[in-house]
Engineer: 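There's a structure below that I have some questions on.
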Amino acid sequence: MADEKVLAAQKWVNATYGGVSGYARCPEDGKTGWPVMYSLTMGLQHELGISPVVANFGAGTLAKVQALGTIGIGWQKNKNIVKILRHALFCKGYWGGDTGVVSFDSVAAASVDKMKENMGIEQDGGVVQPKVLKAMLNMDAYAVLAGGTDKVRSIQQWLNGRYWKRSNFSIGPTDGHYSRDVQQALMKAIQLQVGISEADATGNFGPGTQAGLKANTVGPGSSGIIMQLFSAACVFNEPIASSPEDDQRTHFTDVWDGDIAGWLKGFQKFSALEVTGVGDYRTWAQLLVSMGDPDRPVNGSDTAYTITPSRASRMYADGYRYVGRYLNEASAGGGSKMIEEGELATIFAAGMRVFPIFQDHGRSLAEYNWANGRKHGQWAHDQAVHFGFNRGTVIYFAVDYDATVEDMPRILEYFRGVTSGLSSKGKRYLHGVYGSRNVCAQVTQATDAAYSFVSGMSWGFSGNLGMPLPQNWSFNQIKEYKVTNGSDVFYLDRDAHRPRSDEGQKTVNRVVSPAAGFIANIERLHTLAKNYGKGDPNRLVTDYYRQKRYAGTQWKLLISDIDRSFVEYADDNGAELLDAFTDPFTGDSLDPQHLLATAAGHLIKPSPAAAGSANEGDVAGWAGDLMTFYGEWRRDSDSIASGHTYCVQRLGQNGVVSSFGHNDLVEDADGYLLAAQMRSGTSIAAAVRAHYEQTGGATRFRDFFAKRFASKAATAADAAFDILTTPHNLIAGGRTYLVLTTAEEGVILPNILPTDRLREYCRGFADVLVARAGLERRSQARYLANHKSLFR
């Protein structure tokens, strides 16, 4: 929305300085932003005698402002500078007064004092110091912005008030957000407090800073400025809780207390540090920079060099238990960046696990788009299959450059393409993300990446400054170094690994568990859930199976969060998360994680009484798969325009790999039926045993069709249409998310598609179910006819 005062500023500055050398005109649209601030800055430079002018308020401009003397009430040495001050106030959201008044008056001074109050610095009758003028000509906010907190703002104001007059400090934002600028201000403040001179307090994490922190451990009894700075660093790194009992919030304080102590233990555990309970050097480092202490003990690594038996032996002896290796991209020198034939066996024989990485260049924004992501997802799948990686393996797709906030829409499109590519190949593998903290957090939020591999050693990346570790981090790359192994030399990256996250793979081509193994696994988990003593044991078992792939933001919203304390308890007592088991009725390899996520949805949010309607629980199963499949159809609609034809030819069909393949349909049906048994009072252990040891699988589609859709094709089509068009906010959001896992941005969403075309697609889904149920009836009839003697 246009602001008349901002518009006036834009028109005046363009008209006044449009012909000045170097000047860049700003849009005259009444919208505040960097363009008008840059134009006002260039106007100021012209008035100060700087030529050519540039869109930057640097040291030279600051020195020229200093030479003007005190700018306060009555100052009128330069009427245009007075106008620039007034226009800047308006553009910052403060009242600048009458722009026709050529002297700096009490009205403008009052606004300056109000701005200073918001900044956290002393009010002094509205004097405009050089640093205050610089702050007036940028886009920093001095009120809490959406998503910010008063707690963070109070620290920002404290830092401004205490340090703004120091030569190496600028006035920072007080918007309630931890950011790169705030991180730098905190670092400089710490450097000053540990005895580094103003000239050397640059914000870099150098040897002097490290030495100062090593001499300033905080703990019980600590107080004063260092304690305040430490607590500020703690606040900036929220949230960090890895389990509910660790979810203690910290606060800004100059005295060590129980809240700080409790939070710190959770932070150390979450960050894979030794839980010392005090603010030692390693904790300080982890709070302040993305790599933390790069020399701390770690057991993870990654490398572009082939792991030979000699190298594997050396790595194991050095304490490494995980190594990241590339699925593609050969490189010159040191062997192949890509895994070589037989290399995985060497790694496993040495006692290490592997996590696969996919990177095809990936060092510029131009490479990141949906089509490239889809191609890479399919390519990574094929390479992972070639090397024998087991179902459920996490593949880390790389963003190997400093992607900015402005780059993120393209990065997210790329990862939506990745999910589409993996889905089109049958969803055998999970996608993870490698990149800065911000890239990892944003990609996880938008696409539910399973885990994040953080490029922490690139501590100067804009995406690593002012960002806490992402909640789903698994590996944090903290240092590259040269390994001298006798006459052999190779390079290795040291990676911190978070326990209970991605454990990589210790085998390939794993034999799929038979149903008996899956049944025993569920029975073991159910016993553990009962012994745990908190919550519904059935639901806890499904929680355990949702931990890797179905516990992200979208799933929390649609059905629920999971009990991570139970997951930890189960792991500690020998539980195992299976990636596959063999269906005794078809011989197919089924995915128990999808199966039990489906069951969880129907268990937690049962289907509505009206069979022709749908709800969030359905989205966890058949409806969610129908949404992703819709995106696949729209992507392929140029070749198969009819939604009905597309469903009949590709949905749930044997031998056809798609985002809604045969196994997905089996898992959706079985998940629904297992949930129905649990809702009737049967334990999940008994329900799973009965379904796969008796006749459940022989009539799964007929039973699912009957129980969910009353055996009526029209009812199934109506339910499909309802879930694809409902305006229910939660479902609509999930629908858009799921459609975009297989389709490019800009796809016609189902609720916008012409009704007749969507109805046709929904009838296709219903007809597939009718056909499956009919096939089961005919198969059973033939069985009875051929075995009449058994039933006499």
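Everything numeric in this text was worked out from a predicted model, so none of it was measured.
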Engineer: One pair to check against ring pair (Phe, Tyr, Trp, His ring centres under 6.0 Å): F355 and Y451. What are the steps and the verdict?
Structural biologist: CA-CA 11 Å; F355 57 96; Y451 289 108; over 10 Å; no
Engineer: Which pairs with one or both residues in residues 670-691 pass ring-ring contact (aromatic ring centres under 6.0 Å, His included), sequence neighbours excluded?
Structural biologist: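 Qualifying pairs, neighbours excluded: H602-Y672, Y672-F704.
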Engineer: Excluding sequence neighbours, so at least two apart, what forms side-chain contact (heavy atoms from CB on, under 4.5 Å) with R500?
Structural biologist: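 Once residues adjacent in sequence are excluded, the partners of R500 under the side-chain contact (heavy atoms from CB on, under 4.5 Å) criterion are E568, D571, D572.
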Engineer: Write down the atom of T725, the atom of P750, and the distance for their closest heavy-atom approach.
Structural biologist: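 Smallest interatomic distance, heavy atoms only, reads CG2-O, 4.3 Å.
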Engineer: Can you confirm whether H431 sits close enough to L422 that some side-chain heavy atom of one is under 4.5 Å from a side-chain heavy atom of the other?
Structural biologist: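 The answer is yes, as the side chains (C-beta and beyond) meet within the 4.5 Å cut-off.
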Engineer: Under the 6.0 Å and 45° cation-pi test, does R498 pair with F475?
Structural biologist: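 Output no; distance or angle outside limits.
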Engineer: Determine which pairs satisfy salt bridge (Lys or Arg N to Asp or Glu O under 4.0 Å) with at least one residue from residues 669-697, sequence neighbours left out, and list them in order.
Structural biologist: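 Residue pairs with at least one partner in residues 669-697: E523-R689, D670-R700, R689-E693.
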Engineer: So, applying ring pair (Phe, Tyr, Trp, His ring centres under 6.0 Å) with F358, which one of F389, Y429, Y414, F397 is it?
Structural biologist: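 When F389, Y429, Y414, F397 are each tested with F358, the ring pair (Phe, Tyr, Trp, His ring centres under 6.0 Å) holds only for F397.
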Engineer: So does I748 have more than 12 non-hydrogen atoms from other groups sitting under 6.0 Å from CD1?
Structural biologist: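 It does not: I748 CD1 has 12 such atoms or fewer within range.
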Engineer: Angle between ring planes, Y761 versus W633, binned at 30° and 60°: parallel, tilted or perpendicular?
Structural biologist: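 If you compare the ring of Y761 with that of W633, the planes turn out parallel.
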Engineer: Which pairs pass salt bridge (Lys or Arg N to Asp or Glu O under 4.0 Å) with one or both residues in residues 616-637, sequence neighbours excluded?
Structural biologist: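 Of all non-adjacent pairs touching residues 616-637, those that pass salt bridge (Lys or Arg N to Asp or Glu O under 4.0 Å) are K427-D625, K605-E616, D618-R708, E632-R650.
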Engineer: So, using side-chain contact (heavy atoms from CB on, under 4.5 Å) as the criterion, who are the partners of A529 when residues are at least two apart?
Structural biologist: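 A529: side-chain contact (heavy atoms from CB on, under 4.5 Å) contacts with P537, L540, V541, F566.
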Engineer: Listing request: all side-chain hydrogen bond (donor to acceptor under 3.5 Å, both in side chains) pairs with a residue in residues 733-757, at least two apart in sequence or in separate chains.
Structural biologist: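 Qualifying pairs: D448-Y737.
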